[in-house]
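Just the heavy atoms: all of them, side chains too, but no hydrogens, waters or symmetry mates, feed the values below. Along the sequence shown, residues are numbered consecutively beginning with 1.
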Amino acid sequence: MKVTIFGTGYVGLVTGACLAEMGNHVVCVDIDDNKVGRLSRGEIPIFEPGLEPIVRRNHANGQLEFTTDAAQSIAHAQIIFIAVGTPPDEDGSADLQYVLSVARSIGQHLDRYAVIVNKSTVPVGTADRVREAVAAELSARGVEIDFDVASNPEFLKEGDAVEDCLRPDRIVMGSSSARAIALLRKLYAPFNRNHDRTVVMDVRSAELTKYAANAMLATKISFMNEIANIAERVGADVELVRQGIGSDPRIGYHFIYPGAGYGGSCFPKDVQALERTARTVGYDARLLGAVEAVNHDQKIKLFDFIQRYFNGDVRGRTIALWGLAFKPNTDDMREASSRRLIEALWEAGAKVRAFDPEAREETRRLYGERSDLVLCDSAYQTLDGADVLAIVTEWKAFRSPDFARIRAMLREPAIFDGRNLYEPSVVEEAGLAYYGIGRGRSVARPE
Ligand SMILES: NC(=O)c1ccc[n+]([C@@H]2O[C@H](COP(=O)([O-])OP(=O)(O)OC[C@H]3O[C@@H](n4cnc5c(N)ncnc54)[C@H](O)[C@@H]3O)[C@@H](O)[C@H]2O)c1
């Protein structure tokens, strides 16, 4: 099938590559010249496991094209996906300017029937706004062209995006048009060979499904962080509690890891946007507000620990940081907990030596060259001249370190583990003080 995708970010690029891999002819269009140029030269602007060979292969055989030419891209397709960003507006609601700008551009160039599919995460009612924007442009041109607008929210996870896209848990399609659903079913048929994963519904329900999924996952994390904060105060170990509750199949082990808060381009903005949507329809979504508030505080926890450890004064201290990306297997640093920690440390007069397997370039892009930030080539290099160590992202490479080596290199023997990667007794046997999230240990500097 002929498909066009607006936006070549994490969602658009992965979706385009996977659809091309299934034999479709996909055109990916972006307004970012630099990104399109890099992609056309075979460079992948993001780190996503398994993506590069699929993009290269399909670009080489002509099934995956990259362009900035919206007009030609629109003329190409039977199905046009909108996969542009929907960042938070000042008041927390989703900023739809990019989505609506694509809609206008589609209206300006559409020359025959197409299904316009919202893949971006958008508030309930956005499909109607897209339809109106397209229709207004068509009527300004004085033409009548039939089109449908559908919702097909994306559930891929950064770090597993290719796998999620090729083997989705579910494919949600929202539309009242049988023609649009038939086209989407045909497009997704190769992803459904094992069993049908399609869930067809009305547009509004599809739009809300995406927010409900992310809000539920964020709620699980904040809930567990709340339990961790109680555990810390009552002398319990939240990791044992986690295993104790996860064994109940109604609860399950997934997504109940306590830690230094969730980040990324989705959970924070989507929880806020859903809360905002609720408010605009006269409902006070108290649970969502609490999920957000718990997470906000959680992101500053490691800083509070470190500050407390140094009796309230980290001036002149150097903190080693393992992990910068908002989660492992990505270079994405949007809303990353590392940023709150780093910025708080700088503000308080400390320096940072950090290592991340993939996010170094992105960190440099965000913060530039500065004397209070040294980006190291390896985890152990961060310890050179550092006072204490903080773990911020749970990369596999950090899971089983040489604690004796850490002990020998740090000026002060302490690890602040924002992802509960280690068994406290193992760390302590190596002569290091250990502070995790909700591990029943209060922070105090060893005498
Ligand atoms: N990143 C994820 O894990 C994920 C998962 C599910 C859903 N989503 C949702 O998908 C959407 C896209 O997310 P992302 O992470 O891929 O965003 P992104 O910021 O990585 O990419 C968005 C791209 O859209 C481009 N763009 C903006 N305006 C454009 C226009 N008029 N025409 C063409 N391109 C344009 C930008 O240049 C950018 O390259 C968001 O709504 C997000 O909430 C993201």
Side-chain angles (χ1 to χ4, degrees), residues 259-260 300-311 313-329 331 333 336-364 366-367 369-437 439 441 443-447:
I300 207 68
K301 242 186 136 53
L302 284 182
F303 174 74
D304 287 344
F305 280 179
I306 295 170
Q307 172 106 328
R308 218 182 304 158
Y309 180 84
F310 287 114
N311 298 322
D313 185 7
V314 296
R315 257 175 311 159
R317 298 286 178 182
T318 299
I319 313 302
L321 228 80
W322 287 6
L324 294 160
F326 86 91
K327 67 173 185 178
N329 294 326
D331 57 351
M333 287 187 58
S337 299
S338 64
R339 293 172 67 175
R340 278 284 292 287
L341 173 60
I342 292 173
E343 288 161 23
L345 286 168
W346 285 340
E347 176 107 339
K351 291 185 176 165
V352 172
R353 290 175 64 82
F355 169 72
D356 188 285
E358 294 297 337
R360 204 159 69 152
E361 208 179 303
E362 182 61 5
T363 310
R364 191 58 82 207
L366 287 167
Y367 293 121
E369 292 285 343
R370 37 189 301 167
S371 60
D372 48 9
L373 175 66
V374 178
L375 294 174
C376 299
D377 295 328
S378 78
Y380 291 103
Q381 217 183 73
T382 61
L383 308 175
D384 232 342
D387 289 290
V388 296
L389 168 63
I391 317 287
V392 192
T393 315
E394 64 275 34
W395 284 94
K396 282 208 176 80
F398 303 152
R399 288 198 188 173
S400 191
D402 179 346
F403 291 113
R405 188 171 171 196
I406 297 174
R407 168 77 182 86
M409 291 182 79
L410 285 177
R411 288 196 190 134
E412 301 257 350
I415 295 184
F416 299 86
D417 181 358
R419 300 295 165 193
N420 287 358
L421 292 188
Y422 310 131
E423 190 48 52
S425 59
V426 174
V427 182
E428 285 160 358
E429 270 163 30
L432 289 146
Y434 176 82
Y435 306 106
I437 306 290
R439 312 300 305 262
R441 283 159 168 74
V443 177
R445 198 159 174 197
E447 291 307 316

Taking side chain as C-beta onward, heavy atoms only, is Leu432 less than 4.5 Å from Leu410?
-> yes
Listed once per pair and sorted, the salt bridge (charged side-chain N to carboxylate O under 4.0 Å, His left out) pairs that draw on residues 388-402, sequence neighbours left out = Glu394-Arg419
Considering residues at least two apart in sequence or located in another chain, which fulfil the side chain to side chain contact (heavy atoms under 4.5 Å, CB included) criterion with Glu358?
-> Phe47, Asp331, Asp356, Trp395
Going by heavy atoms in the side chains, are Phe398 and Tyr422 under 4.5 Å from each other?
-> yes
Pairs in or reaching into residues 424-436: which pass salt bridge (charged side-chain N to carboxylate O under 4.0 Å, His left out), with residues at least two apart or in two chains?
-> Glu428-Arg441
Atom of Val427, atom of Ile415 and distance for their closest heavy-atom approach | CG1-CD1, 3.9 Å
For the side chain of Asn420 and the backbone of Gly436, is there at least one donor-acceptor N/O pair under 3.5 Å apart?
-> no
Partners of Arg370 by side-chain hydrogen bond (donor to acceptor under 3.5 Å, both in side chains), sequence neighbours excluded?
-> Asp372
Listed partners of Val426 passing side chain to side chain contact (heavy atoms under 4.5 Å, CB included), at least two apart = Phe403, Glu423
Separation of Arg340 CZ from Lys301 NZ (nearest 0.5 Å) | 12.5 Å
Report the residues that fulfil side chain to side chain contact (heavy atoms under 4.5 Å, CB included) with Arg360, sequence neighbours left out, ordered by chain and then residue number.
-> Leu375, Asp377
For Tyr367, which residues count as a ring pair (Phe, Tyr, Trp, His ring centres under 6.0 Å) partner, sequence neighbours excluded?
-> Trp346
Would the number of heavy atoms belonging to other residues, nucleotides or ligands and lying under 6.0 Å from NZ of Lys327 be above 12?
-> yes
Residue set satisfying ring pair (Phe, Tyr, Trp, His ring centres under 6.0 Å) with Tyr434, at least two apart, ordered chain then number -> none
For Glu347, the salt bridge (Lys or Arg N to Asp or Glu O under 4.0 Å) test, sequence neighbours excluded, returns none
Pairing residues for Asp384 by the side chain to side chain contact (heavy atoms under 4.5 Å, CB included) criterion, not counting sequence neighbours = Arg353, Met409
Kindly compute the distance separating OG1 (Thr393) from CZ (Phe355), expressed to the nearest 0.5 Å.
-> 11.0 Å
In Å, rounded to the nearest 0.5 Å, how long is the span from CD1 of Ile391 to CZ of Phe416?
-> 11.0 Å
Please report the closest heavy-atom contact between Gln307 and Ala348, naming both atoms and the distance.
-> OE1-CB, 4.3 Å
dist Ile306:CD1 -> Tyr309:OH (nearest 0.5 Å) comes out at 10.5 Å
Could you pull out all residues at least two apart from Arg407 that satisfy salt bridge (Lys or Arg N to Asp or Glu O under 4.0 Å)?
-> none
Which distance, rounded to the nearest 0.5 Å, do you find between the CG of Leu341 and the CD1 of Ile300?
-> 7.0 Å
Please table the atom pairs, donor to acceptor, closer than 3.5 Å between any side-chain atom in residues 317-326 and protein atoms at least two apart or in another chain.
from   : atom 1 : to     : atom 2 : distance (Å)
Arg317 : NH1    : Asp387 : OD1    : 3.3
Trp322 : NE1    : Ala379 : O      : 2.9
Trp322 : NE1    : Thr382 : OG1    : 3.0

